[in-house]
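Numbering of ligands and ligand atoms starts at 1, following listing order. Just so it is clear, the values below take in all heavy atoms, side chains as well, and ignore hydrogens, waters and symmetry mates.
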Amino acid sequence: MAEGRLFIVSAPSGTGKTTILKKLMTELPALAFSVSHTTRAPRENESDGLDYHFVNKAEFGKMRDQGEFLESAEVHGNLYGTRLGAVLEQLAAGADVILDIDVQGAAQVKKSEKIEPVTIFIIPPSMAELEKRLGGRGTDSSETIRLRLANAAAEMAGLETYDHVIVNDELGEALEMVKAVILAERSRARRTRNGAPIPAVSAI
Ligand code: ADP
Ligand code: 5GP
């Protein structure tokens, strides 16, 4: 079976990345979301194993020391990481895998040369709108919101290293743009690392 592709999606916190990705997962077949490990406390609407694998610092450190992570980083004061084994299994099964990770994590994946990712950066239409969305989400304290806003400019400075940059102004349009990137990537005649054609092509 052909290997899937790895897509990295990054955005400053509050941009709407989670909203876009949740819709995307219901609308495109053969897409798998990589569930990260984090030491952050779960939000009210989050479930363990679905949104994140919630672990304590000791558990996270052990996994990191054992080399289980494809990438890991401290983001807004919490630790986050992507388990390599899970991603490789999903790719081997032929799924295109979505990593919702930050700029530091994206840089690590690109450097690792284990998997060649397609990278997408989503930006808000303005910083004022970003602040409004972070407040409107109603899940974070004002201190957390301040920290995330303060980090947004530095994160945005990394956008030039991404393959695609999409503005999330009107939600439906941004979703269509993300879909377009994935569908265009799927249509490449030689899309796997070993050059094997996609199943749809080999069946013709
Ligand atoms: P992120 O995952 O990037 O931190 P979320 O998906 O949690 O962001 O979205 C932050 C808030 O912004 C949510 O309340 C969401 O409903 C809202 N939101 C997302 N996209 C848009 C949009 N295009 N226009 C207005 N509000 C949006
Ligand atoms: P949140 O706490 O809002 O869910 O996520 C905060 C930030 O952490 C977001 O930018 C998100 O993309 C990033 N993030 C989530 N999982 C991972 C991960 O596994 N690795 C890295 N490097 N960043 C992650």
Extract all N/O-N/O pairs under 3.5 Å that connect ligand 1 to the protein, and present each with both atom names and the distance rounded to 0.1 Å.
{"from": "ligand 1", "atom 1": "2 (O)", "to": "Thr18", "atom 2": "N", "distance (Å)": "2.9"}
{"from": "ligand 1", "atom 1": "2 (O)", "to": "Thr18", "atom 2": "OG1", "distance (Å)": "2.4"}
{"from": "ligand 1", "atom 1": "3 (O)", "to": "Thr15", "atom 2": "N", "distance (Å)": "3.3"}
{"from": "ligand 1", "atom 1": "3 (O)", "to": "Gly16", "atom 2": "N", "distance (Å)": "2.9"}
{"from": "ligand 1", "atom 1": "3 (O)", "to": "Lys17", "atom 2": "N", "distance (Å)": "2.8"}
{"from": "ligand 1", "atom 1": "4 (O)", "to": "Gly14", "atom 2": "N", "distance (Å)": "2.7"}
{"from": "ligand 1", "atom 1": "4 (O)", "to": "Arg137", "atom 2": "NH1", "distance (Å)": "2.8"}
{"from": "ligand 1", "atom 1": "6 (O)", "to": "Thr18", "atom 2": "N", "distance (Å)": "3.4"}
{"from": "ligand 1", "atom 1": "6 (O)", "to": "Thr19", "atom 2": "N", "distance (Å)": "2.9"}
{"from": "ligand 1", "atom 1": "6 (O)", "to": "Thr19", "atom 2": "OG1", "distance (Å)": "2.5"}
{"from": "ligand 1", "atom 1": "7 (O)", "to": "Arg137", "atom 2": "NH1", "distance (Å)": "2.9"}
{"from": "ligand 1", "atom 1": "8 (O)", "to": "Gly16", "atom 2": "N", "distance (Å)": "3.1"}
{"from": "ligand 1", "atom 1": "20 (N)", "to": "Asn168", "atom 2": "ND2", "distance (Å)": "3.1"}
{"from": "ligand 1", "atom 1": "23 (N)", "to": "Asn168", "atom 2": "OD1", "distance (Å)": "2.9"}
{"from": "ligand 1", "atom 1": "23 (N)", "to": "Asp169", "atom 2": "O", "distance (Å)": "2.9"}
{"from": "ligand 1", "atom 1": "23 (N)", "to": "Leu171", "atom 2": "N", "distance (Å)": "3.3"}
{"from": "ligand 1", "atom 1": "24 (N)", "to": "Arg133", "atom 2": "NH2", "distance (Å)": "3.2"}

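Heavy-atom minimum distance, Glu74 versus Gln104: O-NE2, 3.0 Å. The shortest non-hydrogen separation linking Gly135 to Ile145 is CA-CD1, 3.8 Å. For Val103 against Glu155, the heavy-atom pair with the smallest separation is CG2-O, 3.8 Å. Residues Glu71 and Gly105 share a closest heavy-atom pair of OE1-CA, 3.2 Å.
By the 4.5 Å heavy-atom criterion applied to side chains, Asp100 and Val9 are not counted as neighbours. Residues Phe7 and Ile182 meet the side-chain proximity criterion, which asks for heavy atoms closer than 4.5 Å.
Checked for salt-bridge contact, Arg146 and Glu143 miss the test: no charged N lies under 4.0 Å from a carboxylate O.
Contacts of ligand 2 (protein heavy-atom distance under 4.0 Å) are Ala11, Lys17, Ser36, Arg40, Arg43, Tyr52, Glu71, Ala73, Val75, His76, Tyr80, Gly81, Thr82, Asp100, Ile101, Asp102, Gly105, Arg148.
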For a quick test of your reading: what N or O donor-acceptor pairs under 3.5 Å do the side chains of residues 160-175 make, sequence neighbours left out?
{"from": "Thr161", "atom 1": "OG1", "to": "Gly158", "atom 2": "O", "distance (Å)": "2.7"}
{"from": "Tyr162", "atom 1": "OH", "to": "Ser10", "atom 2": "OG", "distance (Å)": "2.6"}
{"from": "Asp163", "atom 1": "OD2", "to": "Thr119", "atom 2": "N", "distance (Å)": "2.8"}
{"from": "Asp163", "atom 1": "OD2", "to": "Thr119", "atom 2": "OG1", "distance (Å)": "3.1"}
{"from": "Asn168", "atom 1": "ND2", "to": "Thr15", "atom 2": "O", "distance (Å)": "2.8"}
{"from": "Glu170", "atom 1": "OE1", "to": "Gly172", "atom 2": "N", "distance (Å)": "3.4"}
{"from": "Glu170", "atom 1": "OE1", "to": "Glu173", "atom 2": "N", "distance (Å)": "3.1"}
{"from": "Glu170", "atom 1": "OE2", "to": "Gly172", "atom 2": "N", "distance (Å)": "3.4"}

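Residue pairs meeting the side chain to side chain donor-acceptor pair (under 3.5 Å) criterion with at least one member in residues 51-65, sequence neighbours excluded, are Lys22-Asp51.
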